[in-house]
A.B. asks: 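Below is the structure I would like to discuss, written out as structure tokens.
Each chain gets a letter, A, B and so on, in the order the sequences are listed, and its residues count up from 1. Quantities reported herein were computed from a predicted structural model and do not represent experimental measurements.
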Amino acid sequence: MKPRDRRTLFKSTLAFLLGLRGVGRAHAQDEEAARKARPQEGDFLIYAFGDKQGETVRIADLEPNGEQVTCYAKDPNTGVVRDGSRLNQVLVLRFDPEELAEETRAVSAEGVVAYSGICTHTGCDISMWDDGTRYMLCSCHETEFDPRNSAVVISGPAPRRLPYLPLKQEDGTLIAAGSFSGKIRFQKEL
Amino acid sequence: MICSSKILVLIATLVVPAALAAQDSPAYRPVTQERLLEPEPENWLMYRRTYDGWGYSPLEQIDTSNVASLAPLWTFSTSANEGHQSPPIVNDGIMFITTPGSRIIALDARTGNPLWRYVRDLPEDLQQLHPTNRGVALWQDKVYVATVDAFVVALEATTGEVVWEKAVEDYSVGYYMTMAPLAINGKIMVGVSGGEFGIRGFVTALDAESGDEVWKTYTIPGPGERGHKSWPGETWRTGGAPVWVTGTYDPKLNLTYWGTGNGGPWMGDARPGDNLYATSVIALDADSGKLRGHHQYHWNGSWDWDEVDPPMLLDVKRGSRTRKVLVHPGRNGYLWILERKKKAIRFIDAVPYVYQNAFTSIDAKTGRPSYDPEHTPGTGKSALTCPGVAGGKNWPPAAYNPKTGLLYIPANENTCSSLEGEEIEYRPGRRFTGVATGARRSGAAKKNKGGGSFFLREGWDHIGELQAWDLNAGKKVWTQEFELQLWGPVLTTGGGLVFMGGTSDRYFRAFDATTGDILWRQRTNSGITGVPSSYEIDGTQYVAVQSGWGVDAQRGTRAIDRFFGTKTYIPFGGVLWVFALPEAD
């Protein structure tokens with residue numbers, strides 16, 4: 001092979017490899033963007049923490065009237081789990097459908113409701129539960145939200161209800177029937 | 001992610017100088033170590049004005065004879081909500097206040113004209129358990145703030161231009177900062193909050209010029225370090241012991257003193273052992289950060305009694321001897337007197353200043369308390385304890401007046417809490433207190449009609465108390481009572497006065513420092529949890545304080561409302577108030 005040919009081959013190989021690297025970088029960027037994206041229609045829900053972390057949430061496994069379960073959404077096509085931001089947390093709870101307010105029942109699946117897990121006050125996790133009142137509580141300032149009625153504020157400093165995630169069910173699993181009903185926002189600008 | 005870059009600085013911050021119309025701003029005198037050691041009477045150069053933590057201004061133009069005519073001179077809205085707690089810090093007529101969101105506002109302290117404003121663009125996913133900030137530190141020609149996303153930021157004092165910023169830890173796993181930094185000999189010292197999120201507390205010193213770390217000392221010893229064995233297994237990694245109030249400093253010993261918070265999770269049985277150095281005072285060498293001494297106020301605590309308020313440095317007589325001491329009105333309800341030495345802190349005595357039912361005795365030699373199991377909660381075990389979780393005194397600082405020789409403590413009497421622990425798994429960045437809520441609680445807590453953990457003691461007739469103590473005699477001299485809770489930081493002055501807000505009726509009050517009589521009061525826009533300060537310009541004395549209810553005080557109001565079934569409305573929104581005698585206008 002002539003030196004010029006070798007140079008050409010070298011350049012072509014380098015360009016190909018750089019191109020591959022670019023494709024790889026673009027793919028990584030796409031995946032990162034997908035991880036950070038809020039739940040999308042068609043995503044299914046998986047457990048975010050605990051012994052079942054990563055497993056698909058099945059309606060039958062949710063304890064009726066039990067405390068909220070923290071989940072993330074998973075893209076069924078790419079397998080990407082949308083856990084790139086804590087703002088993507090989804091809380092699911094299961095009730096008797098007859099107990100749900102009409103507006104809430106309309107976006108539920110067999111009595112299961114889903115809400116954003118981020119408090120509308122200062123952005124804290126809604127990780128506490130009162131199993132007497134069956135209200136969800138913010139872990140920072142204890143705003144109480146009623147999951148059977150659109151997660152409206154019962155008491156506390158949060159200024160508004162939590163966005164909901166509409167649900168449908170397929171073969172006993174939970175599928176997002178849309179995206180969050182509103183932006184995940186809170187008093188960042190205090 | 002931990003990073004430090006000037007690009008980030010440009011993107012992440014907004015400094016608005018010209019838009020705020022800086023007019024003829026006064027000249028700025030650099031803040032030197034000499035000035036911090038002996039500040040001019042007219043200035044308030046750090047969190048408590050002096051390194052000893054007294055909260056005392058020697059100014060005496062406003063005194064007991066004329067304070068009744070004290071009047072607002074000007075106000076300034078901060079455009080922020082939540083808890084406004086920082087003192088107005090003043091250097092030769094230039095004032096710096098901070099607000100929730102880790103913002104800084106620089107003002108002409110005479111006129112209220114804004115000079116510049118620093119607005120921090122906080123991360124999208126930040127959660128704020130304590131949306132507040134307690135002020136700036138000054139060093140040479142710069143201003144320093146510790147941020148709620150765990151950065152220290154240095155800015156030019158005259159322009160607000162950001163010089164550097166440095167992340168001291170990762171906010172996404174629960175670290176944050178609300179304290180005013182402490183400047184000593186070219187170092188900027190801060191401690192970290194996050195005890196409710198399973199952090200490992202520390203104090204760190206950064207180089208004032210570069211932001212580079214000079215030293216970092218954990219409040220929980222690591223493997224091989226003395227005290228490490230007081231934490232079982234891996235509990236030391238997530239044991240809390242945060243440091244969230246500015247330390248004090250003894251220049252002769254070159255030791256800086258910091259209070260530490262409780263261990264996490266809250267229940268002591270989740271971390272059997274003494275849990276050094278949680279709920280302690282620690283003495284750190286200001287140059288190296290090395291631990292030179294400690295005293296643990298209570299071991300293996302289960303009551304959420306942070307002891308973060310650092311001790312004041314005083315001389316106190318015991319018998320015929322005058323001792324160099326540390327004074328700490330503890331959240332655990334005891335008033336602690338400790339001797340400070342070059343390589344140790346020694347217990348002298350401790351007496352309860354509010355009703356306390358958790359300790360059965362205090363060892364006369366070591367100061368180690370013994371506990372009453374009936375009033376010690378645990379995992380699956382409910383217990384009613386007094387004082388409640390907010391303590392006999394929370395973070396609002398006490399003050400000491402060398403003219404009266406009295407210590408002024410903003411206390412809460414008759415409060416109790418019922419706590420019960422539950423098992424909890426650590427998850428980075430999530431609440432890690434392990435305390436049962438709602439109907440999961442058993443026993444007394446479940447019986448509370450409001451459903452909360454707050455109780456008042458049988459026969460209570462008031463909660464808030466401003467107490468004045470003669471430490472030489474070991475006696476309380478006077479008490480001024482308030483019906484409900486008190487969250488008021490205290491200022492005392494050479495004019496024989498004590499200033500304090502802290503009540504939910506929105507008043508800022510002046511008291512006779514000798515008798516406790518209320519001599520003046522002013523109703524403000526919101527409740528006051530701000531640290532008051534006093535300064536002088538061209539012969540006029542000013543008293544300044546921020547009014548803006550929020551954070552733990554707001555939580556306390558809610559607890560009271562739950563208990564009584566009431567609904568108290570305290571408006572939000574911060575306003576800086578500046579007062580002077582009428583002829584100053």
Side-chain angles (χ1 to χ4, degrees), chain A residues 32 35-36 38 47-53 65-68 70 72 83-89 91 116-145 153-159 183-190, chain B residues 78-84 99-103 119-133 148 172 174 196-197 422 424-433 435-441 446 450-453 548 550-552 554-555 557-559 561-562 567 572-574:
Chain A
E32 187 61 15
R35 282 186 62 228
K36 287 185 174 170
R38 306 281 181 261
Y47 290 94
F49 307 112
D51 298 339
K52 294 182 179 175
Q53 185 175 5
N65 294 314
E67 70 182 282
Q68 68 270 33
T70 306
Y72 283 121
D83 60 357
S85 168
R86 54 175 290 274
L87 305 187
N88 294 351
Q89 294 177 71
L91 307 177
S116 160
I118 303 300
C119 183
T120 53
H121 177 215
T122 63
C124 296
D125 299 322
I126 299 164
S127 60
M128 301 199 304
W129 171 251
D130 186 328
D131 54 12
T133 59
R134 291 185 288 166
Y135 295 146
M136 304 182 288
L137 280 80
C138 165
S139 62
C140 287
H141 308 101
E142 299 186 4
T143 292
E144 296 174 297
F145 299 94
V153 174
I154 299 298
S155 72
K183 276 193 165 183
I184 308 304
R185 60 196 175 96
F186 45 91
Q187 286 179 264
K188 186 178 151 198
E189 301 302 326
L190 296 162
Chain B
T78 66
S79 307
N81 282 328
E82 299 288 348
H84 284 61
T99 73
S102 312
R103 297 174 178 179
V119 177
R120 187 163 183 78
D121 187 3
L122 295 167
E124 180 196 41
D125 58 349
L126 180 73
Q127 55 181 327
Q128 295 192 53
L129 173 58
H130 293 102
T132 189
N133 189 277
V148 72
S172 72
E196 274 73 33
F197 295 100
E422 64 179 3
I424 187 166
E425 181 185 339
Y426 173 73
R427 290 169 184 162
R430 292 176 73 85
R431 191 175 174 96
F432 188 58
T433 53
V435 175
T437 52
R440 262 193 213 144
R441 289 187 297 245
K446 201 167 181 178
S453 65
V551 205
D552 292 315
Q554 179 199 15
R555 213 171 283 154
T557 305
R558 191 145 171 257
D561 278 345
R562 278 175 164 169
K567 202 163 188 176
F572 261 27

A.B. asks: Non-hydrogen atoms of chain B under 4.5 Å away: do they reach the side chain of A:Gln53, the backbone, both or neither?
C.D. replies: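 For A:Gln53, no heavy atom lies under 4.5 Å from chain B.
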A.B. asks: Is chain A contacted by the side chain of B:Arg558, its backbone, both, or neither, given a heavy-atom distance below 4.5 Å?
C.D. replies: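 For B:Arg558, the side chain is the part near chain A, not the backbone.
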A.B. asks: Side-chain donor-acceptor pair under 3.5 Å between A:Arg38 and A:Ser116, yes or no?
C.D. replies: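 The criterion, which ignores hydrogens and geometry beyond distance, is not satisfied for A:Ser116 and A:Arg38.
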A.B. asks: Does the side chain of A:Ile118 reach to within under 4.5 Å of the side chain of A:Gln89, using non-hydrogen atoms?
C.D. replies: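 A side-chain contact exists here, since the closest heavy-atom pair is under 4.5 Å.
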A.B. asks: When rounded to the nearest 0.5 angstrom, what is the spacing between OG1 in A:Thr143 and CE in A:Met136?
C.D. replies: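 Reported to 0.5 Å precision, the distance equals 11.5 Å.
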A.B. asks: Would B:Thr433 and B:Glu196 count as having a side-chain donor-acceptor pair, cut-off 3.5 Å?
C.D. replies: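 No, no side-chain donor-acceptor pair sits under 3.5 Å.
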A.B. asks: With chain A as the partner, which of B:Thr78, B:Leu129, B:Asp561 has the greatest number of non-hydrogen pairs under 4.5 Å?
C.D. replies: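 The answer is B:Leu129.
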